[in-house]
Amino acid sequence: MAAPIEAFRQALAQSAARGLELPEDLIPEIVSQMRTPDPGHGDLALPCFTLGKRAKKNPTDVAKQVVSYLADDPRWSAASAAGPYVNVRFSDEALKAAVVRAAREPTYGTNTVGQGRTTVIDFSAPNIAKPLAFHHLRSTVIGGAIARIHAACGYRTVGINYLGDWGKQFGLLATGFKRHGDPARRHDAKHLVEVYVKANQDADTATPRAIMDRPAEARALAERLKEAKVALASAATADEGKRSAKTVKSLESKLRTLRGVGENEDPTTDFDAFLSALEAAALAARPALESAEAYDREARLFLKRLEDGDEDALAEWREFRSTSIAEFERVYARMGIAFTYWEGEASYQSVLEETVQKVRMRPGTEMSEGAEIVALPRKPNEAPVLLKTRDGTTLYITRDIATAIDRYERFQFDRSLYVVGEAQSLHFEQLFRTLTAMGFDWVDRCQHVKFGRVHGMSTRRGQVVFLDEVLDEAVAKAREICEASARVDPGVLDDVVESIGIGAIVFGDLRNPRASDYRFDWAEVLDFSGHTGPYVQYTHARACSILRKAEGAPDEADLDRLTLDEERALILALARYPDAVIDSCNACEPSLLTRAVIEIAGAAAHYLTAGNKDRNKRVLTDDDAVRAARLQLVDALRQTLASGLALLGLKAPESM
RNA sequence: GCGGGCAUAGCUCAGUUGGAUAGAGCGCUGGCCUCCGAAGCCAGAGGCCGCAGGUUCGACUCCUGCUGCUCGCGCCA
C-alpha cells in the first residue's frame, strides 16, 4: 500500500528535478527538503534554497520555474511560488481517490518496507522475585508499540522478554522465604514480593556500611572545608572568591547530608559533637552489618547451590519462577502485550564461560584490581568493561554479549533493538564496542532504543509502585465517568472501562518522544479531557455511533460529494497516517504515530461537531449521495483510528 | 572530579534533523447540548525560546563559554 503523501512528494520532486534538468538521484534530497506548511499556504511546501544551489540559480527564480513545471499535472489543484518557496495544494480528486477507499481497509497503514527482514526487540525485562512495577511501564509500552509497528511494516518481528531470573536476588527470595514466608502462599506472587522486600532489608549491607564510613568521610570533608575557607579568606580576585564561596557552600551541604536521624548537631558549628554522634552511630551499626552479611552469605550460598545444579534448589527456583511469570502474564494481558519468547539469564549460564573465552581470544582481557576486564581503549576516567568480578563470577555485560551473539545466530536479524532506559547508555555503548572489537560486523544493526525517566511518581513509603495498581486507579476513574454517562451496555462495561483506563496510561506514555523525561501527575493522568487516549477512543466511538445509526457505510459512493473544508482536512489527516507508521518504525519512535492519530481525531472531532451548528454538514444528511460519501469517510476514520490505536496498544471500544 | 541530558506560554510538554507569522494540552476569560456522543467544539488572553558570543541567505534548532536542574560513572542489573 503506497503512502499517499509520499506519492505526492515523489511526484513533486520528480517534476522539479526533470524541469531543472537535475539528475534523478537528487530526488531523495529534494524530498527531504519538503515541509508541511501552514495550512494557509498549501498542503506541501518545497523551500528552494538548496535546490537553487544545485541548479546554480536564484532560489526565487527556481521556485517560479518549478511552479511552471507543475502547470498541467492534474495532481495539483494549485501551485504557487511565494518567494523562494513552492507551495502546492493536492487536487481534491487525487487526494480522495488515494485515501478514502484505501483507509477503509484494515490494511491501511501497513506496508512492505520490512519485507524479508527481521527485527528482534528486547523489552520489558522484569526481574523474577520482584513485582512488575511502575518503572517497567515505559520499556513495556514502548517496546510493545515498536514491535507492533515493525510487524505492520512487514518485518518478521521477534519480541523477547529477557527475565532477570538468576543471581543473588533469587537466593535472597529462597532463603528469605524460610524466615518470612507463609508456606500456604507459595504461589502467590504478591506474597513473594513481600518476602523479597523483607529479605532484601535483612541482607542490606550497604546501609550499615555507609553509616560506619561516615566518620572518616566527615573528617575528610572537614579537612577540605578548612582548606576551602582559607582559600576564600585569601582570594585575590572577586571571581576566585566566588568560586571558593561556592566550594565552601557545597562542602557544608555535603557534611550536613551525613547527618543521620537523631543527630541534630550542626557540623558547621560544632564539628566535634557532630563527629562523636557519627562515631556512636557507626559503632551501633556494626551488629547490623554483621547480621546483614550473614544473610547475604546465605543467599549467595543458595545461588552457589543453583549453579552447582542442586536439584532441590533448582526445583524451588522453577517454582518461584513460574509463579512470577504467571503474575507478569496477567498484567501484560491487560496491556495487550505479547512476547514471541520468554527467556532469561538462567538459560545463558552454560555459555558464559565460553563467551569469556571468546573475549579472551579477541580482543583480549586484562586483570585490574583483581577483576578481569576487556582490553579496550578507554576514554579518560571511563569505567572499564568488567567481564568477571574478583570472585570470578560473571556480570551482566557478559550475559549481554552472549545473548547478542546467540540472537544473531538464531535470527540473522536486520535490527536488534534494546528498549532500555537512558540511564544505561554507557552499558550499551560498551557492549557494542566490545562486540565490535570481537569482530562482529552486525553490531551496527544493534541499537539501544533509550527512553527518558518518569519523574514524580510517589513511591508510597519508599516501596515500589505496582504497575497493576496504577492501572487499577485509572480504570476506576474510567468506570466513574462511564457510569455517569450511562451510555455503555452493562454487559461490556468492565471491558470498556478497562480499555479506557489503561488506554489513558499507555497513550500518555507514548505521547512524547521516548527520549524525553516526563512528569507523572495523577491529576493529569486521571483527567481524560484534552488530547489523551480516551479522547481518541471517544472520537472512534462517535464514528461507530454514526455508522450504527446508518447501519454501516454503503459499498458505493461518489466521493466528489465530499466538498466541505472539514472533510478535506480530515482526509488530509488520514492521508498522513501511513507515512507516520513508516517514520515511527524507522526512528523507533511511537510518538510520531501518536501525534498522527491525535491529528486525525482532532480533525474528526472538528468535522463531526460542525454538524451541530449546521445541519447541512451532518453525516446523516437528507441527500442520499452526500450521505453515502460521508459515511464512507466516517468509516475510513473509524478504521484508521482503530488501526492506529491498536498499533499503540489501545483498544477501541465502539461505545463509551 | 569526569561524562551525558535538559532549560520554549502560569503548569506539563511539542517544534518534522537549519526554513515562512514558535505550537498543543491543562489552567484562565467568553460562547455552543429541542441531542448524527459536551470525555466534545469555537473564540480570546498569555512568549527576551535560560544568559552571552559565534557560524550563514536564514538559528528554538549547529558551535563555544556561562548559569541552573538532572542522570550516569569497577566487581548490582
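Numbered from 1 within each chain, the chains take letters A, B, ... in sequence-line order.
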Which pair of heavy atoms, one from [X] and one from [Y], lies closest together, and at what distance?
X: A:Gln632; Y: A:Ala557; result: CD-CB, 3.6 Å
X: A:His540; Y: A:Ala642; result: NE2-CB, 3.9 Å
X: A:Tyr535; Y: A:Gly530; result: CB-O, 3.0 Å

Regarding [N], can its base be found pairing with the side chain of [X] as donor and acceptor, where the two atoms are less than 3.5 Å apart?
X: A:Glu369; N: B:G74; value: yes
X: A:Asp38; N: B:A22; value: no
X: A:Tyr538; N: B:A39; value: no
X: A:Ser368; N: B:G74; value: yes

Q: Assign B:U61 to syn or anti; the rule is syn for a glycosidic angle within 90° of 0 and anti otherwise.
A: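 Anti.
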Q. What's the base orientation of B:C33: syn (chi within 90° of 0) or anti?
A.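 B:C33: syn.
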Measuring only the [atom1] atom in each nucleotide, how far is [N] from [M]? A whole number of Å is fine.
N: B:C33; M: B:G47; atom1: C1'; value: 35 Å
N: B:C13; M: B:U8; atom1: P; value: 9 Å
N: B:G15; M: B:A20; atom1: P; value: 15 Å

Indicate, with a heavy-atom threshold strictly under 4.0 Å, whether [X] touches base, sugar-phosphate, or nothing.
X: A:Ala45; result: base
X: A:Leu608; result: base
X: A:Glu429; result: nothing
X: A:Ala423; result: sugar-phosphate
X: A:Asn87; result: base
X: A:Ala541; result: base
X: A:Glu382; result: nothing
X: A:Ile500; result: base
X: A:Thr36; result: base
X: A:His41; result: base
X: A:Arg487; result: base
X: A:Gly164; result: nothing

Measuring from the side chain of [X] (C-beta onward, heavy atoms only), which nucleotide among [options] has the closest atom?
X: A:His455; options: B:U70, B:C26, B:G25; value: B:U70
X: A:Arg519; options: B:A20, B:U12, B:G37; value: B:U12
X: A:Leu395; options: B:G25, B:C75, B:C36; value: B:C75
X: A:Pro37; options: B:A20, B:A39, B:G74; value: B:A20
X: A:Ile546; options: B:G19, B:C32, B:C36; value: B:C36
X: A:Arg615; options: B:C35, B:G74, B:A14; value: B:C35
X: A:Arg542; options: B:C36, B:C75, B:A38; value: B:A38
X: A:Glu422; options: B:A77, B:C36, B:G5; value: B:G5
X: A:Phe49; options: B:A24, B:C57, B:G15; value: B:C57
X: A:Thr389; options: B:C75, B:A38, B:G37; value: B:C75

Below 4.0 Å: OP1/OP2 of [N] and any side-chain N or O of [X]:
X: A:Arg35; N: B:G19; value: yes
X: A:Arg453; N: B:C69; value: no
X: A:Asn512; N: B:U12; value: no
X: A:Thr609; N: B:G40; value: no
X: A:His606; N: B:C42; value: yes
X: A:Tyr535; N: B:C41; value: yes
X: A:Lys379; N: B:C73; value: no
X: A:Arg618; N: B:C36; value: yes
X: A:Arg399; N: B:A77; value: yes

Q. Just checking, is any N or O donor in the side chain of A:Asp509 or A:Tyr518 under 3.5 Å from an acceptor N or O on the other one?
A.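 A:Asp509 vs A:Tyr518: donor-acceptor pair found between side chains.
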Q.
Side chains of A:Glu29 and A:Thr50 only: does a donor on one sit below 3.5 Å from an acceptor on the other?
A.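 A:Glu29 vs A:Thr50: no donor-acceptor pair found between side chains.
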Rounded to the nearest Å, what distance is computed from the [atom1] atom of residue [X] to the [atom2] atom of nucleotide [N]?
X: A:His427; N: B:C73; atom1: NE2; atom2: P; value: 12 Å
X: A:Arg638; N: B:G37; atom1: CZ; atom2: C1'; value: 17 Å
X: A:Glu599; N: B:A24; atom1: CD; atom2: C1'; value: 9 Å
X: A:Glu372; N: B:G74; atom1: CD; atom2: P; value: 19 Å
X: A:Gln33; N: B:A20; atom1: CD; atom2: P; value: 13 Å

Q: Measure from the ring centre of A:His531 to the centre of the six-membered ring in the base of B:A24, then say whether that distance is under 5.5 Å and the planes meet at under 30°.
A: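 Not stacked: fails the 5.5 Å / 30° test.
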Q) Dot-bracket for RNA chain B, 5' to 3', counting Watson-Crick or G-U wobble pairs under 3.5 Å, with [ ] for crossing pairs and | for inter-strand pairs? A) (((((((..((((.....[...)))).(((((.......))))).....(((((..]....))))))))))))....
Salt bridge check, [Y] against [X]: does any charged N sit closer than 4.0 Å to a carboxylate O?
X: A:Lys388; Y: A:Glu353; answer: yes
X: A:Asp623; Y: A:Arg627; answer: no
X: A:Asp579; Y: A:Arg9; answer: yes

Q | A:Glu566, A:Lys617, A:Glu567 screened by side chain to side chain donor-acceptor pair (under 3.5 Å) with A:Tyr607, the one that passes | A |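 The side chain to side chain donor-acceptor pair (under 3.5 Å) with A:Tyr607 is passed solely by A:Glu567 among A:Glu566, A:Lys617, A:Glu567.
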Q. Backbone N or O of A:Ala541 within a donor-acceptor pair of the A:Ser545 side chain at under 3.5 Å?
A.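 Checking the backbone N and O of A:Ala541 against the side chain of A:Ser545, no donor-acceptor pair under 3.5 Å is found.
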Q) Any chance the rings of A:Tyr85 and A:His41 have centres within less than 6.0 Å? A)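 Not under 6.0 Å, so no.
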Q. Measuring from A:Arg630:CZ to A:Leu570:CG, what's the distance to the nearest 0.5 Å?
A.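 So the CZ of A:Arg630 and the CG of A:Leu570 are separated by 12.0 Å.
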